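Owing to the predicted nature of the structure, the values given are computational and were not obtained by experimental measurement.
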Amino acid sequence: MKWSWNIGRIAGIRILIHWTFLLLIAWIAFAEAGRGADLTGILLTVGFVLTIFGCVVLHELGHSLTARKYNIGTRKITLLPIGGVASLEKMPEDPKQELAIAVAGPAVNVAIALVLLFFIPFDQIPVEEEELAAISRENFLFSLFSVNVILVLFNIIPAFPMDGGRIFRALLALKMDRIKATNIASKTGQVVAIAFIFIGLFYNLFLVFIGIFVFYAAHAENLHVQHFDLLKGYTIRDAMMTSFMVLHPENTVKDAVDKLLAGSDQDFLVEDEGKPIGLVSTNNILAALKDNKMEHPVTEIMRRQFDTFQADDKLTEVFAAAQKSKSTFFPVLEGERVIGVINQNNVNEFLMVQSVLKQ
């Protein structure tokens, strides 16, 4: 995710923090100061928010470490003002595995809440609503307990992208095929989203935004699973482009410009003796033109780090990679020799054809 900073690793998983998270901390500190809180009160409130996000990290680690049991890696966990996102390499199609992974996150919050119960000084907790609203030493642990309970209740709502949506889909998939289960779970999630929007119009506009997000997330999940199913059984060879523009190490930026203008290709493979050595995008070419590098070799502007696929790899692998990678253009190899390329548009065209054929 753009504009995120790496703050460390836990169990080998990168933990990133998005820059907007810092805005949240600044806003909380400003709001507390405006409320008349002293420095101690401001620091206590900020510390409370950071502790909540510590619980969020543990929640996401619950998903990630459970996924690791099924040989599914996690590329990173990103902290956002609205929570955390664990970027799993994939979600398992086995409903029992998906159920275990989805349940693991809320289970961590349940465990945290149960542990906190042993340390909460109930006899010191203020009973006045105004005193409970402000974080203090007396209500710190009780408030943290309450937040974890809320996180559990919110996350088990049966709507994507919450864990409850995946739990519901996994339970349905134990009795029916995954496509039908996803469709039912998605429609249920959209009903929940509409309820959020309706309630939010009268009580809290924030619920409206959550409802809109959930509605489209449910639709996107349903579409993703349908597309994934359409690609099953096909290899990259079935969909790859065999007619594509190639650049060579001796070609200049001017040569790349000529090829860009001569055809519709937006990305170019740089090839040396049949082997891929780099990729050049339209953006690379335009940046080189701005720097007056017309006569420079394309090897100076090409991207050297890129993914490749074998022609007989599953087409679903490209579909997943194109959605997670910064690049959506991949050389296709047979052994070490390039025999084609494939990109997101290519996959989308293949999907359109298959969806018509399946009607």
Side-chain angles (χ1 to χ4, degrees), residues 1-4 16-28 30-31 45 48-60 62-63 76-88 91 98 101-110 112-113 133 135 143-172 181-225 323:
M1 187 173 288
K2 290 183 178 180
W3 304 104
S4 296
L16 304 180
I17 183 169
H18 196 259
W19 70 272
T20 51
F21 183 84
L22 301 180
L23 287 182
L24 172 67
I25 299 300
W27 179 80
I28 289 171
F30 182 78
T45 302
F48 178 71
V49 173
L50 293 176
T51 305
I52 291 173
F53 277 89
C55 295
V56 170
V57 170
L58 293 175
H59 174 108
E60 298 302 334
H63 292 309
K76 60 187 176 182
I77 292 172
T78 305
L79 290 178
L80 302 162
I82 58 172
V85 178
S87 301
L88 302 184
M91 282 301 294
E98 181 177 29
I101 293 171
V103 167
V108 169
N109 295 112
V110 170
I112 292 171
I135 301 301
S143 298
L144 191 59
F145 165 82
S146 301
V147 168
N148 276 278
V149 171
I150 292 170
L151 285 173
V152 172
L153 295 176
F154 181 75
N155 271 287
I156 62 173
I157 293 173
F160 295 111
M162 276 88 81
D163 297 328
R166 301 195 180 280
I167 292 170
F168 185 40
R169 194 253 301 278
L171 291 172
L172 290 172
T182 302
N183 189 48
I184 293 174
S186 174
K187 295 293 189 293
T188 302
Q190 289 182 317
V191 170
V192 171
I194 292 170
F196 277 177
I197 294 170
F198 181 76
I199 294 171
L201 289 173
F202 296 96
Y203 297 100
N204 191 327
L205 285 178
F206 187 63
L207 279 178
V208 174
F209 293 111
I210 291 177
I212 293 171
F213 175 70
V214 168
F215 187 91
Y216 285 104
H219 174 73
E221 180 67 20
N222 194 22
L223 203 60
H224 173 82
V225 171
Q323 294 181 324

Nearest 0.5 Å, please: how far is CD1 in I52 from CD1 in I150? 9.0 Å

Find out whether F154 and N109 are in side-chain contact, i.e. whether some heavy atom of one side chain is under 4.5 Å from a heavy atom of the other. no

For N155, the side chain to side chain donor-acceptor pair (under 3.5 Å) test, sequence neighbours excluded, returns none

Would you compute the distance between atom CG of D163 and atom CZ of F168 and round it to the nearest 0.5 angstrom? 15.0 Å

To the nearest 0.5 Å, how far apart are CZ in F209 and CZ in F196? 15.0 Å

What distance do F215 atom CZ and I197 atom CD1 have between them, rounded to the nearest 0.5 Å? 7.5 Å

Q190: partners by side chain to side chain donor-acceptor pair (under 3.5 Å), with sequence neighbours left out: none

Quick one: are T182 and H224 in side-chain contact, heavy atoms under 4.5 Å? no

Side chain to side chain contact (heavy atoms under 4.5 Å, CB included) for I101 and R166? Distances and angles first, verdict last. CA-CA 9 Å; I101 293 171; R166 301 195 180 280; over 6 Å; no

Heavy-atom closest pair, residues G200 and L207: CA-CB, 3.7 Å

To the nearest 0.5 Å, tell me how far I157 CD1 sits from I210 CD1. 8.5 Å

Within this structure, what is the OG1-CD1 distance for the pair T51 and I112, rounded to the nearest 0.5 Å? 10.5 Å

Closest non-hydrogen atom pair, G165 against A185: O-CB, 4.2 Å

Just one of T78, L88, I77 clears the side-chain contact (heavy atoms from CB on, under 4.5 Å) bar with E60, so which one? I77

Taken in chain and number order and not counting sequence neighbours, the residues that satisfy side chain to side chain donor-acceptor pair (under 3.5 Å) with S186 are none

Derivation and outcome, side chain to side chain contact (heavy atoms under 4.5 Å, CB included), residues F48 and V147: CA-CA 10 Å; F48 178 71; V147 168; 3.9 Å; yes

